[in-house]
Novice: 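I have a structure I would like to understand better, so I am pasting it below and will then ask my questions one at a time.
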Amino acid sequence: MALFSVKMRSSALGAHISGAERIVEEHEVGTVCAAMSRRALSHGKGQPDSITITVAAIHGDVMRIPALSITEAGSRALDEAREVVLRTLDPLTPHAERAWELLTSVRDMRGAILFDASTGERLERDHARGVRVTSMDAATATGERPEQGSGKTRITDALVLASKVAHHPAVLAEVCISDDPDYTTGYVATQSLGYLRVRNMKPAGSPIGGRLFVVDTNDTADLVHYLEHTPVLVGGAQ
Ligand code: WAQ
Ligand code: MG
C-alpha cells in the first residue's frame with residue numbers, strides 16, 4: 001500500500017505561523033490537505049498570507065516505534081516549571097541553565113534548537129529556522145484519530161514528535177514550549193523518563209515558544225537526516 005507524507009507550513013509576511021506533519025494512505029490525501037489548510041487558516045497565532053502543503057510518496061520502509069509514556073509534573077508556577085526542566089537536564093548536560101535561557105528567549109522558529117550537551121553550543125546551521133522534524137504520524141487508522149483542531153490533536157501531535165525525536169540515540173532530551181500565547185503547558189521528554197507534561201512553562205499571553213533538543217553526537221548530519229527525512233509511525237502494534 002502506498003503511503004504519502006503530507007506537510008503543511010504557513011506564514012505571514014515571512015514569519016512562521018504554524019506547521020503540521022502526517023503520513024497517510026493515498027485515499028486520505030485529499031481530506032488531510034483540506035483539514036490542514038482549514039487548521040492553518042484558523043490558527044491562534046494569526047492569519048497566514050501563505051500556506052504551503054507538500055505531498056510526497058514514501059519510497060521504502062516506514063519505521064515503527066512505540067509512543068513515550070505520558071506523565072505529569074504538578075508545576076503551579078513558572079519557577080516550578082523551570083525547576084522541573086532543570087532537574088531533568090542537569091544529569092545530562094552541565095549547561096542546563098543556558099539551555100533554559102536559550103529556549104525561553106526564542107520565538108517564531110519553524111524548527112528546533114540543536115543544543116550540544118557537552119559544550120552548550122548550538123549545532124543547527126540556520127539559527128533563525130532551526131531543524132524541523134518531519135515525516136511522522138500516529139500509527140492509528142485515520143478514522144480513529146481525534147478531529148483536527150479538536151484540541152486533542154495538540155497532545156497527540158506533540159507525543160508523536162517527541163517519540164520520534166527521543167528514539168534517536170544522539171538525543172538525550174527535548175524541551176518544548178508552545179508558541180500559542182494562550183497555551184502554557186509544555187513538556188520535557190527523554191527516552192527513559194518518557195513525556196513529562198509541565199504546566200506553566202511561560203506566562204499566559206506570551207508569544208515565546210520553541211523546541212530544544214539536547215544532543216550528544218559527532219555526526220550531526222546523520223541526526224538531522226533522521227529528524228527531517230526518516231518516515232516514522234508512532235504507537236499502535238509494533
Ligand atoms: N520540528 C521541530 N520544531 C518544531 C516543529 C517540528 N516539526 N513544530 C514546531 N516546532 C517548534 C517551533 O519552534 C514552534 O514554535 C515550537 O516548537 C512550538 O510548537 O502535553 O503546541 O506547535 O499539553 O506551538 C505541547 C503539548 C504543545 C503539551 C506543543 O507546540 C501537552 C505545541 P507548537
Ligand atoms: Mg503552536
Side-chain angles (χ1 to χ4, degrees), residues 5-12 15-23 36 39-40 42-46 48 52 54 67-75 81 84-85 102-115 122-138 146 148-166 168 171 174-189 193-202 206-215 223-232 234:
S5 146
V6 185
K7 303 173 194 190
M8 181 281 290
R9 63 191 157 86
S10 75
S11 59
H16 173 73
I17 294 188
S18 70
E21 314 293 330
R22 297 290 308 275
I23 291 176
M36 274 186 179
R39 193 181 178 191
S42 63
H43 197 273
K45 268 178 77 182
T52 306
T54 311
L68 296 174
S69 59
I70 303 185
T71 49
E72 193 150 334
S75 49
V84 171
V85 172
L102 192 56
L103 182 60
T104 52
S105 68
V106 296
R107 55 176 292 188
D108 297 332
M109 289 177 68
R110 265 173 70 193
I113 296 165
L114 286 190
F115 187 86
R122 293 178 70 165
L123 297 176
E124 78 276 17
R125 214 170 281 167
D126 182 342
H127 286 198
R129 178 186 184 276
V131 174
R132 189 158 178 93
V133 190
T134 58
S135 211
M136 70 232 165
D137 205 339
Q148 290 285 317
S150 70
K152 284 187 200 151
T153 51
R154 188 195 298 269
I155 298 176
T156 311
D157 291 351
L159 182 65
V160 164
L161 185 149
S163 300
K164 176 174 179 180
V165 170
H168 195 285
V171 177
E174 173 188 354
V175 188
C176 168
I177 302 177
S178 172
D179 53 24
D180 185 329
D182 299 318
Y183 199 83
T184 59
T185 303
Y187 64 85
V188 56
L193 176 80
Y195 177 100
L196 178 63
R197 303 185 70 213
V198 185
R199 297 198 187 270
N200 302 299
M201 286 281 260
K202 67 175 187 178
S206 165
I208 68 146
R211 279 183 160 89
L212 179 145
F213 305 159
V214 179
V215 306
L223 171 62
V224 171
H225 186 271
Y226 167 79
L227 295 173
E228 291 183 338
H229 299 297
T230 304
V232 172
V234 175

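Read the numbers this way: they start at 1 and go in the same order the structure lists the ligands and their atoms.
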Novice: Please state which protein non-hydrogen atom is closest to atom 10 (N) of ligand 1 and give its distance, to 0.1 Å?
Specialist: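 Nearest protein contact, heavy atoms only, for atom 10 (N) of ligand 1 is R211 NH1, 3.4 Å.
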Novice: Just jot down the ligand 1 atoms closer than 4.0 angstrom to any heavy atom of R197, in number order.
Specialist: 20 (O), 23 (O), 31 (C)
Novice: Any donor and acceptor pair, going by atom type alone, linking the side chain of K7 with main-chain N or O of S135 inside 3.5 Å?
Specialist: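 It does not hold such a pair.
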Novice: Students should be able to answer this: which protein heavy-atom is nearest to atom 4 (C) of ligand 1, and at what distance?
Specialist: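 Result for atom 4 (C) of ligand 1: R110 O, 3.7 Å.
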Novice: In the protein, what heavy atom is nearest to atom 28 (C) of ligand 1, and what distance, to one decimal place, separates them?
Specialist: Y195 OH, 3.3 Å
Novice: Under 4.0 Å from a heavy atom of V131: give me the atoms of ligand 1 that qualify, with their elements.
Specialist: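 Counting atoms of ligand 1 from 1, those under 4.0 Å from V131 are 1 (N), 2 (C).
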Novice: Considering only non-hydrogen protein atoms, determine which one is nearest to atom 7 (N) of ligand 1 and report residue, atom name and distance to 0.1 Å.
Specialist: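 I find the closest protein heavy atom is V133 O, 2.9 Å.
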Novice: Going by the atom numbers of ligand 1, which of them fall below 4.0 Å from some non-hydrogen atom of C176?
Specialist: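 Heavy-atom distances to C176 below 4.0 Å select 29 (C).
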Novice: Find all atoms of ligand 1 within a distance of less than 4.0 Å from any non-hydrogen atom belonging to M109, and give their numbers and elements.
Specialist: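 What qualifies from ligand 1 is 12 (C), 13 (O), 14 (C), 15 (O).
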Novice: With atoms numbered from 1 as shown, which atoms in ligand 1 lie under 4.0 angstrom from a non-hydrogen atom of G111?
Specialist: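 The atoms of ligand 1 under 4.0 Å from a heavy atom of G111 are 2 (C), 3 (N), 11 (C), 12 (C), 13 (O).
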Novice: Looking only at protein heavy atoms, identify the closest one to atom 8 (N) of ligand 1 and say how far it is in Å.
Specialist: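 For atom 8 (N) of ligand 1, the nearest protein heavy atom comes out as R132 NH1, 3.4 Å.
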Novice: Please determine if the Mg ion (ligand 2) has an N/O/S atom from D179 lying under 2.8 Å away.
Specialist: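 Short answer: yes, at least one N, O or S atom is under the cut-off.
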Novice: Take E124 and R129 through the salt bridge (charged side-chain N to carboxylate O under 4.0 Å, His left out) test and state the conclusion after the steps.
Specialist: CA-CA 9 Å; E124 78 276 17; R129 178 186 184 276; over 6 Å; no
Novice: For ligand 1, which atoms, with element, lie under 4.0 Å from some heavy atom of L161?
Specialist: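 Answer, ordered by atom number: 1 (N), 5 (C), 6 (C), 7 (N).
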Novice: Should you measure from each heavy atom of R154, which atoms of ligand 1 turn up under 4.0 Å away?
Specialist: 21 (O), 27 (C)
